[in-house]
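Not measured: the values here are computed from a predicted model.
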Amino acid sequence: MNTSAPAFEALAQQLQANRIGRRQALWLMGASTLGMAGLQGCAKSPVTGQSIVVGMSEAQERQMDTQVAPHQFSQDLGAIQDPAVNQYVGDVGKRLQALSHRPDMPYSYRVLNANYVNAYTFPGGAMGVTRGIMAELGSEAELAALLGHEIGHVNARHAAQRQGQAMVAQAAVLGLNIAAQDSQWGQLVGLGSQIGASALLASYSRDHEREADALGQEYMVRAGFPAQGMTALHQLLVDQQKEAPSLLSTMFSSHPMSSERLNTAAQQARQRYASSANAPTQRERFMDSTSSLRRIKPTITACQNGETAMASQSYSQAQTAFASALKLTPRDYAGHFRMAQCLQAQKKTQEARQYAQQAQAIYPQEAQAHKLSGVLALSLRDPGAAFEGLDRFDRQLPGDPGVLFLKGVSLEGMGQRQQAAQHYAQYLRLSQQGQAAQFAASRLQAWGMLR
């Protein structure tokens with residue numbers, strides 16, 4: 001899109017007349033992204049006592065969890081609406097964290113509605129485990145290995161080290177900038193919300209992965225699990241990679257896997273932790289505690305198929321897969337949300353909005369459906385409804401500058417110039433670069449509110 005001053009003025013005139021086109025709506029969505037940088041320093045590793053280069057203090061690690069983690073968890077469609085399963089995963093995590101090198105970090109655990117296979121942690125210990133990987137695990141020992149590995153990253157301060165080495169990607173919330181052009185819609189949903197995960201949680205080095213494996217195996221053995229659980233987890237992931245490589249692309253991009261890691265875990269189980277061989281895997285307890293999640297595994301598989309099809313822009317195939325998922329589980333939040341995105345990609349905006357609204361009704365406490373509903377309303381030239389959806393998102397998940405900008409756009413479309421100006425000015429206080437900032441500044445200048 002042409003971003004000259006006349007182009008901004010033409011867009012503004014169409015906005016006021018509620019005549020913006022789909023490409024212009026996509027540009028508005030894509031114009032709002034902020035970045036975040038870190039500072040470097042030195043600290044002692046809580047694990048080894050050796051000096052490490054870090055990009056944030058412990059207080060900053062905790063702050064990142066508070067400020068950024070909720071946005072990423074929402075990108076992955078929030079915690080599943082199953083308190084018992086979330087509690088169970090949290091209980092396993094608490095057993096492990098108490099035996100770690102940093103037991104006082106503010107750890108928290110949730111199973112996310114994302115269908116792709118992955119688990120990840122933020123620097124302070126806020127962890128997300130996707131329902132995609134939970135449906136594949138076979139025992140509590142494998143779950144302990146998964147959580148122990150992530151706790152290992154927290155204890156070795158790997159995220160802080162990545163920041164110190166300038167390896168962390170943007171830590172601001174990703175709005176919808178990837179959707180700035182029609183040709184990029186396949187990437188937008190690529191296999192769940194993994195774009196958000198891989199951008200916010202840039203890849204660990206192989207050395208970091210080895211250390212997290214070693215720490216995770218140590219913690220799980222301390223907690224009474226067999227070390228073989230880590231080997232079983234690695235074998236599961238290797239097998240899954242062979243069967244459905246696309247579903248693990250994010251996990252392996254952020255957690256580099258290798259046969260060497262599998263062999264090392266097996267060797268440690270045979271030698272260093274041989275005494276744990278007869279410890280219970282707690283398979284039955286795991287199966288009982290996750291039975292409600294495993295019952296919807298066919299739904300998760302159908303959603304995975306839909307997301308894979310979306311990534312290759314096979315939208316008709318994706319729509320069929322999501323319809324299958326919703327036939328199996330009619331009130332599946334992720335299924336409705338992905339169907340809305342799929343229809344949106346096919347320019348079936350009104351139908352997409354209906355699915356987004358159903359997702360809102362199914363899970364009103366989760367923010368993404370409100371945002372998507374607002375965006376679709378804006379595309380349908382309904383700025384009042386757009387503002388309502390975006391404002392609900394903003395109240396639940398404050399701090400997304402892109403939503404602040406789009407609320408200003410909606411207000412302008414509603415003819416509420418003064419309130420729109422306040423939103424544009426507030427956005428400019430957060431960012432003075434990028435197309436959204438240029439647009440906001442152009443409107444304030446046109447209204448005589450900015451020189």
**Student:** How far apart are the C-alpha atoms of E58 and R62, what are their side-chain angles, what is the distance that settles it, and do they pass the salt bridge (Lys or Arg N to Asp or Glu O under 4.0 Å) test?
**Tutor:** CA-CA 6 Å; E58 182 174 312; R62 293 168 180 260; 3.2 Å; yes
**Student:** Are any non-hydrogen side-chain atoms of Y107 and L96 less than 4.5 angstrom apart?
**Tutor:** no
**Student:** List the steps, then state whether side-chain contact (heavy atoms from CB on, under 4.5 Å) holds for Q344 with L372.
**Tutor:** CA-CA 10 Å; Q344 182 187 32; L372 180 58; 3.6 Å; yes
**Student:** Quick check: do L450 and L428 have side-chain heavy atoms less than 4.5 Å from each other?
**Tutor:** yes
**Student:** Quickly, which of V129, V92, L147 forms a side-chain contact (heavy atoms from CB on, under 4.5 Å) with Y109? Name it, please.
**Tutor:** L147
**Student:** Between N305 and T320, does a side-chain contact (heavy atoms from CB on, under 4.5 Å) hold up when you go through it step by step?
**Tutor:** CA-CA 10 Å; N305 293 337; T320 299; over 6 Å; no
**Student:** Is E284 atom CD crowded by more than 12 heavy atoms from other residues, nucleotides or ligands, each under 6.0 Å away?
**Tutor:** no
**Student:** Taking the side chain as every heavy atom from C-beta outward, state whether Y88 and D82 have any atom pair closer than 4.5 Å.
**Tutor:** no
**Student:** Checking the side chain of T308 only, and the main-chain atoms of Q304 only, is there a donor and an acceptor separated by less than 3.5 Å?
**Tutor:** yes
**Student:** Using the side-chain contact (heavy atoms from CB on, under 4.5 Å) rule, take Y424 and V409 through it: C-alpha gap first, then chi angles, then the decisive distance, then the call.
**Tutor:** CA-CA 8 Å; Y424 289 149; V409 171; 3.7 Å; yes
**Student:** Tell me, please, which residues at least two apart from S291 pass side chain to side chain contact (heavy atoms under 4.5 Å, CB included).
**Tutor:** R294, R295
**Student:** Would you call the rings of Y355 and H336 parallel, tilted or perpendicular if under 30° counts as parallel and over 60° as perpendicular?
**Tutor:** tilted
**Student:** Do the side chains of R95 and D91 get close enough for a salt bridge, i.e. N-O under 4.0 angstrom?
**Tutor:** no
